[in-house]
Participant: 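Starting off with a structure, shown below.
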2 protein chains.
Amino acid sequence: MDLALKAIAEPRRREILRLVWTSELAATDIASHFDDVTRSAISQHLGVLRRAKLVAERRDGNRRLYRANPEELVALRTFLERYWASGLERLQDAAEAAQRIKEM
Amino acid sequence: MDLALKAIAEPRRREILRLVWTSELAATDIASHFDDVTRSAISQHLGVLRRAKLVAERRDGNRRLYRANPEELVALRTFLERYWASGLERLQDAAEAAQRIKEM
DNA sequence: AATCTACGTAAGCAGTCGCTTACACTGACC
DNA sequence: GGTCAGTGTAAGCGACTGCTTACGTAGATT
């Protein structure tokens, strides 16, 4: 889980993840979306996402097709929601109250 | 925003953040919750959280009192929710459908 | 078989991280 | 004023990161 959070903390990986969010893409196609970085760098990012189980890999001849792994994404979201839930509502109320006071 | 996500990706900092979630705490009190790490390390973690605006600092004589900054926490949560929203529902549906098929 | 395409991976590098120890500073207390 | 408690910060260290270049390898194409 910590792996997943650390993986998500990197902007480039968030973008990659969004690319394979809805459709399966080959590594080369993913890499070609980034013109300021090597194909190798993207491959390594894909490795991180794979180890974090945020993407799944499927082989098709030469190519490797990637897609987001919904179970793990849901797990991550749930983890964070539980984290927020451990006290944020109260804080949000406090923040909104403070805002109202400021606007008075 | 990226600062906040990176800050949250570190388990120790998540724990610190939770400590000052609901009540204000002095740096020493925070540090004393961790017995496997130096007070200095905690102070540096607090620096990271402060720069990410996830905590606010208030001085009281000798001491510095920390508390979570609700605005930034809400901003981070919103950012992530928008990220999930950019396609996760569909994936979640797909995952649940796959689960149902597996259970058949 | 030779070669090309698609990809992972090893090596190396500069930068960052999380940590420790050591020091500096600022208020409280005598 | 001198000391003490509370705290940030500089320096240094080993580990890790994100990147590049270079290489390896499996499958498609000829």
Side-chain angles (χ1 to χ4, degrees), chain A residues 1-20 23-69 72 76 83, chain B residues 1-20 23-69 72 76 83:
Chain A
M1 176 52 63
D2 220 58
L3 274 180
L5 236 181
K6 287 229 165 80
I8 283 292
E10 165 64 41
R12 197 95 67 176
R13 283 196 289 265
R14 280 200 302 277
E15 211 172 335
I16 293 178
L17 195 50
R18 207 200 297 267
L19 281 176
V20 296
S23 62
E24 223 175 21
L25 279 183
T28 302
D29 299 332
I30 297 170
S32 69
H33 272 83
F34 302 89
D35 54 349
D36 57 338
V37 93
T38 320
R39 183 194 56 76
S40 176
I42 300 300
S43 179
Q44 289 171 64
H45 279 309
L46 283 170
V48 172
L49 290 170
R50 205 188 318 125
R51 275 185 291 278
K53 301 206 192 304
L54 286 170
V55 301
E57 181 207 275
R58 182 174 70 89
R59 308 205 177 190
D60 169 42
N62 243 358
R63 302 177 309 159
R64 310 211 182 177
L65 303 174
Y66 286 92
R67 61 175 176 79
N69 175 10
E72 193 66 18
L76 178 54
Y83 185 66
Chain B
M1 176 52 61
D2 221 57
L3 274 181
L5 237 182
K6 287 229 165 80
I8 283 293
E10 165 64 40
R12 197 94 68 174
R13 283 195 289 266
R14 279 200 302 279
E15 211 173 334
I16 292 178
L17 196 49
R18 205 200 296 267
L19 280 177
V20 296
S23 62
E24 224 175 19
L25 280 183
T28 302
D29 298 332
I30 297 171
S32 68
H33 272 84
F34 302 89
D35 54 350
D36 57 341
V37 93
T38 320
R39 183 194 56 76
S40 175
I42 300 301
S43 178
Q44 288 170 66
H45 278 309
L46 283 170
V48 172
L49 290 170
R50 204 187 320 127
R51 275 185 291 276
K53 301 206 192 304
L54 287 170
V55 300
E57 180 206 276
R58 183 173 70 90
R59 308 208 177 188
D60 169 41
N62 244 359
R63 303 177 309 158
R64 309 209 182 180
L65 302 174
Y66 286 92
R67 60 175 177 80
N69 176 10
E72 193 66 18
L76 178 54
Y83 185 68

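So you know, we letter chains A, B, ... as the sequences are listed, proteins then strands, and number each from 1. Note that this is a predicted model, so its numbers are computed, not measured. Values reported hereafter were calculated over all heavy atoms of this structure, with side chains retained and with hydrogens, waters and symmetry mates removed.
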Participant: Taking CZ from A:R64 and P from C:dT5, how many angstroms apart are they, rounded to a whole number?
Facilitator: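 Computing the A:R64:CZ to C:dT5:P distance gives 18 Å.
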Participant: Of A:V37 and A:K6, whose closest DNA chain D nucleotide lies nearer the 5' terminus?
Facilitator: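 Comparing both residues, the 5'-ward one is A:K6.
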Participant: Measuring only between side-chain heavy atoms, which start at C-beta, is A:L17 closer than 4.5 Å to B:Y83?
Facilitator: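 Of all side-chain heavy-atom pairs linking B:Y83 with A:L17, at least one is under 4.5 Å.
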Participant: Let me confirm one number: the CD-NE2 distance from A:E10 to A:H45, rounded to the nearest 0.5 Å.
Facilitator: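 It comes to 5.0 Å.
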Participant: Distance check needed: C:dC19 C1' versus B:R13 CZ, whole Å only.
Facilitator: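 Atom-to-atom, B:R13 to C:dC19, this comes out as 12 Å.
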Participant: Between D:dC16 atom P and A:L3 atom CG, what is the distance in whole Å?
Facilitator: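 In whole Å, D:dC16 P lies 12 Å from A:L3 CG.
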Participant: Can a side chain N or O of A:Y66 be found less than 4.0 Å away from OP1 or OP2 on C:dG8?
Facilitator: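 For A:Y66, the contact criterion (side-chain N or O under 4.0 Å from OP1 or OP2 of C:dG8) is met.
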Participant: Could you state the atom-to-atom distance from CG of A:L46 to P of C:dT9 in whole Å?
Facilitator: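 Distance check: A:L46 CG to C:dT9 P gives 11 Å.
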Participant: Got B:I16 and B:F34 here, is their nearest side-chain heavy-atom distance under 4.5 Å?
Facilitator: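 A side-chain contact exists here, since the closest heavy-atom pair is under 4.5 Å.
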Participant: To the nearest Å, how far apart are B:I42 CD1 and D:dG6 C1'?
Facilitator: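 B:I42 atom CD1 is separated from D:dG6 atom C1' by 15 Å.
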Participant: Under 3.5 Å, is there a donor-acceptor pair between the side chain of A:R13 and the main chain of A:A7?
Facilitator: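 Here the side-chain-to-backbone pair exists.
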Participant: What string of B, S and - do you get for nucleotides 21-30 of chain D 5' to 3' if you count protein non-hydrogen atoms under 4.0 Å?
Facilitator: B----BBS--
Participant: Can you tell me the distance, in whole Å, between the CZ atom of A:R14 and the C1' atom of D:dG18?
Facilitator: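 Result: 15 Å.
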Participant: CZ/A:R39 to CG/A:L46 distance, rounded to the nearest 0.5 angstrom?
Facilitator: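 If I round to the nearest 0.5 Å, the distance is 10.5 Å.
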Participant: Between atom CD1 of A:I8 and atom CG of A:L54, what is the distance when rounded to the nearest 0.5 Å?
Facilitator: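 So the gap between those two atoms works out to 5.5 Å.
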Participant: For A:A31, which contact category applies under a 4.0 Å heavy-atom criterion: base, sugar-phosphate, or nothing?
Facilitator: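 A:A31: no heavy atom of the nucleic acid under 4.0 Å.
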Participant: How many whole angstroms separate atom CG of B:L5 from atom P of C:dC17?
Facilitator: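 Nearest whole value for this atom pair: 14 Å.
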Participant: OP1, OP2 of C:dA28 versus side-chain N and O of B:R63: anything below 4.0 Å?
Facilitator: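 B:R63 to C:dA28 OP1/OP2: no side-chain N or O under 4.0 Å.
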Participant: I want to check one thing: is the phosphate of D:dT17, taken as OP1 and OP2, less than 4.0 Å away from some side-chain N or O of A:H45?
Facilitator: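 For A:H45, the contact criterion (side-chain N or O under 4.0 Å from OP1 or OP2 of D:dT17) is not met.
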Participant: Side chain to side chain contact (heavy atoms under 4.5 Å, CB included) for B:L5 and A:R14? Distances and angles first, verdict last.
Facilitator: CA-CA 12 Å; B:L5 237 182; A:R14 280 200 302 277; 3.2 Å; yes
